[in-house]
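Here is the structure we will look at.
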2 protein chains.
Amino acid sequence: MRLLIIEDEPGIAGFLKDGLEEEYFAVDVAYDGKSGLDHAMTNEYDLIIIDWMIPVISGIEVCRQIRKSGSVVPIMFLTAKDTLEDVLFGLEAGANDYIKKPFAFEELLARIRVQLRSKHQGDDSLRAGHLNINPGTHQVFYETSEITLTPKEFALLEYLVRNKEKVCTRSRIIEHVWDIHFDSDTSVIDVYITFLRRKLEHAGCGNLIQTIRGVGYIIRES
Amino acid sequence: MRLLIIEDEPGIAGFLKDGLEEEYFAVDVAYDGKSGLDHAMTNEYDLIIIDWMIPVISGIEVCRQIRKSGSVVPIMFLTAKDTLEDVLFGLEAGANDYIKKPFAFEELLARIRVQLRSKHQGDDSLRAGHLNINPGTHQVFYETSEITLTPKEFALLEYLVRNKEKVCTRSRIIEHVWDIHFDSDTSVIDVYITFLRRKLEHAGCGNLIQTIRGVGYIIRES
DNA sequence: GGTTTTTTTAAGCCAATTTTAAGTTTCAGC
DNA sequence: GCTGAAACTTAAAATTGGCTTAAAAAAACC
């Protein structure tokens with residue numbers, strides 16, 4: 001589990017880093033908002049801890065920017081404030097939890113575990129490269145832009161991505177996506193592959209679906 | 001919003017059910033741990049309230065079992081204890097919040113609202129663009145003008161806004177807003193979407209609710 | 001108990017999606 | 001390079017599903 005801590009006070013940052021590393025987390029530290037945001041955007045973390053009051057860019061703004069990029073990484077705030085108003089303000093900016101300073105390390109740890117648990121199990125999205133598919137909401141994203149698909153288009157793409165790196169034969173596709181179990185000489189698959197390719201291309205995600213002539217199709221990560 | 005209460009004292013259970021239904025939640029009650037766990041596993045709730053001390057299976061064990069199944073539903077504990085030790089124990093078991101008995105109904109309500117807010121998605125407040133929803137007073141404002149909604153209209157709009165930027169499927173809507181859990185070919189949703197759109201349009205807030213054909217609806221900020 | 005408001009049902013219409021079908025292009029093997 | 005099979009593209013037909021309206025049923029209010 002990889003964590004990012006954005007905290008300017010070296011004392012607190014060091015205390016957190018050491019304590020969390022003892023718990024076998026991989027911990028990065030950033031000492032201001034700008035550098036923290038930089039880290040968050042260029043690396044993949046399992047959780048981010050942000051102090052409310054940090055230099056250059058405020059904690060709340062960092063949080064907002066991270067959410068704006070489409071990331072759903074769990075974010076926890078460290079704050080000296082704990083009026084209901086401030087808490088709500090933080091939650092609105094996209095935070096998942098907050099903890100008031102001074103805090104017991106034990107409590108922080110327990111709350112981190114709650115967040116990690118809930119995030120990991122809640123995220124059942126499928127991926128292929130920068131393409132993200134969420135079967136729960138029927139949404140597809142390429143990087144940060146959403147691709148709107150019809151139900152059949154979605155079902156086909158979902159099947160291909162679930163079986164990425166594997167060749168999907170035409171007969172398997174027609175069975176799994178169309179639920180047709182007898183031989184038929186339909187060309188729906190061709191048509192829908194065309195639809196999908198067009199929409200993916202338009203979103204900047206060209207060349208994802210490759211043809212295996214005489215057999216079927218395949219999606220490769222690279 | 002659909003809640004489950006697991007509480008063996010009929011007095012408290014009834015008091016909670018009535019009070020929460022007055023606030024337009026859909027409320028189910030279970031009177032022991034076993035039946036509560038059963039409900040939790042076979043239905044989808046937005047939040048679960050569990051008493052620490054209940055018969056057959058303890059509250060803490062019910063909580064653990066729910067988490068073990070992979071569910072991330074917010075769980076709140078009712079408890080007579082509130083030492084740090086007990087709180088940590090509850091958090092470890094997978095709870096999101098706890099409230100000490102005896103409690104004020106108002107406080108419970110506020111905590112429920114915080115959980116619902118923070119859970120559904122990071123940047124979720126009950127706002128969508130210039131639309132403002134107040135679950136406490138059941139009022140809706142667009143900019144400065146109030147929009148008068150019936151209870152069902154309000155519940156539907158609230159559910160959509162709580163899940164803004166996410167697709168709300170027809171089956172989820174019928175479960176969480178109408179509390180209907182079997183397949184039915186009703187068209188109430190369509191009708192209420194029409195009602196809402198008409199009232200929103202009339203207030204100058206057109207185009208808020210978008211249709212995802214074959215799937216459901218979504219509210220987007222922009 | 002009657003009146004008003006809210007909720008649900010049902011039916012016709014329209015638009016988006018899905019399928020069919022036909023013409024065009026690409027590719028592998030000769 | 002030729003040839004035939006497979007895949008691609010396009011347009012039009014068929015189907016499905018959502019929107020709207022009106023009226024019936026249920027609930028809330030006096």
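Lettering of chains follows the sequences in order, A, B, ..., and the numbering in each one begins at 1.
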Nearest-Å distance, [atom1] ([X]) to [atom2] ([N])?
X: B/Tyr192; N: D/dT20; atom1: OH; atom2: C1'; answer: 15 Å
X: A/Lys152; N: C/dT20; atom1: NZ; atom2: C1'; answer: 14 Å
X: B/Ile173; N: D/dG17; atom1: CD1; atom2: C1'; answer: 15 Å
X: A/Phe195; N: C/dT20; atom1: CZ; atom2: P; answer: 13 Å
X: B/Lys199; N: C/dT6; atom1: NZ; atom2: P; answer: 7 Å
X: A/Arg170; N: D/dA5; atom1: CZ; atom2: P; answer: 16 Å
X: B/Asp190; N: C/dC14; atom1: CG; atom2: P; answer: 17 Å
X: B/Leu196; N: D/dC19; atom1: CG; atom2: C1'; answer: 14 Å

*First encountered from the 5' end of DNA chain C, between B/Leu149 and B/Val191*: B/Leu149
Give [X] one of three labels, base, sugar-phosphate or nothing, depending on what nucleic acid heavy atoms sit under 4.0 Å from its own.
X: A/Thr211; value: sugar-phosphate
X: A/Ser187; value: base
X: B/Phe154; value: nothing
X: B/Thr194; value: base

*Establish, yes or no, whether a centroid distance under 6.0 Å links the rings of B/Tyr159 and B/Trp178.*
no
*Does any N or O donor sit under 3.5 Å from an N or O acceptor when you compare the side chain of B/Arg213 with the base of D/dG18?*
no
Taking only side-chain nitrogens and oxygens of [X], does any of them come within less than 4.0 Å of OP1 or OP2 of [N]?
X: B/Tyr217; N: D/dC19; value: yes
X: A/Trp178; N: C/dT18; value: no
X: A/Arg197; N: D/dC8; value: yes

*Sidechain N-carboxylate O distance under 4.0 Å for B/Glu201, B/Arg198*: no
*State, yes or no, whether a side-chain contact exists between B/Arg67 and B/Ile75 at a heavy-atom distance under 4.5 Å.*
yes
*Side chains of B/Leu4 and B/Val29: closer than 4.5 Å at any heavy-atom pair?*
no
_Closest-nucleotide 5' rank along DNA chain D - winner of A/Ile212 and A/Arg198_ = A/Ile212
*Could you please spell out the steps behind the side-chain hydrogen bond (donor to acceptor under 3.5 Å, both in side chains) verdict for B/Thr211 and B/Arg197?*
CA-CA 11 Å; B/Thr211 304; B/Arg197 281 180 172 155; 2.7 Å; yes
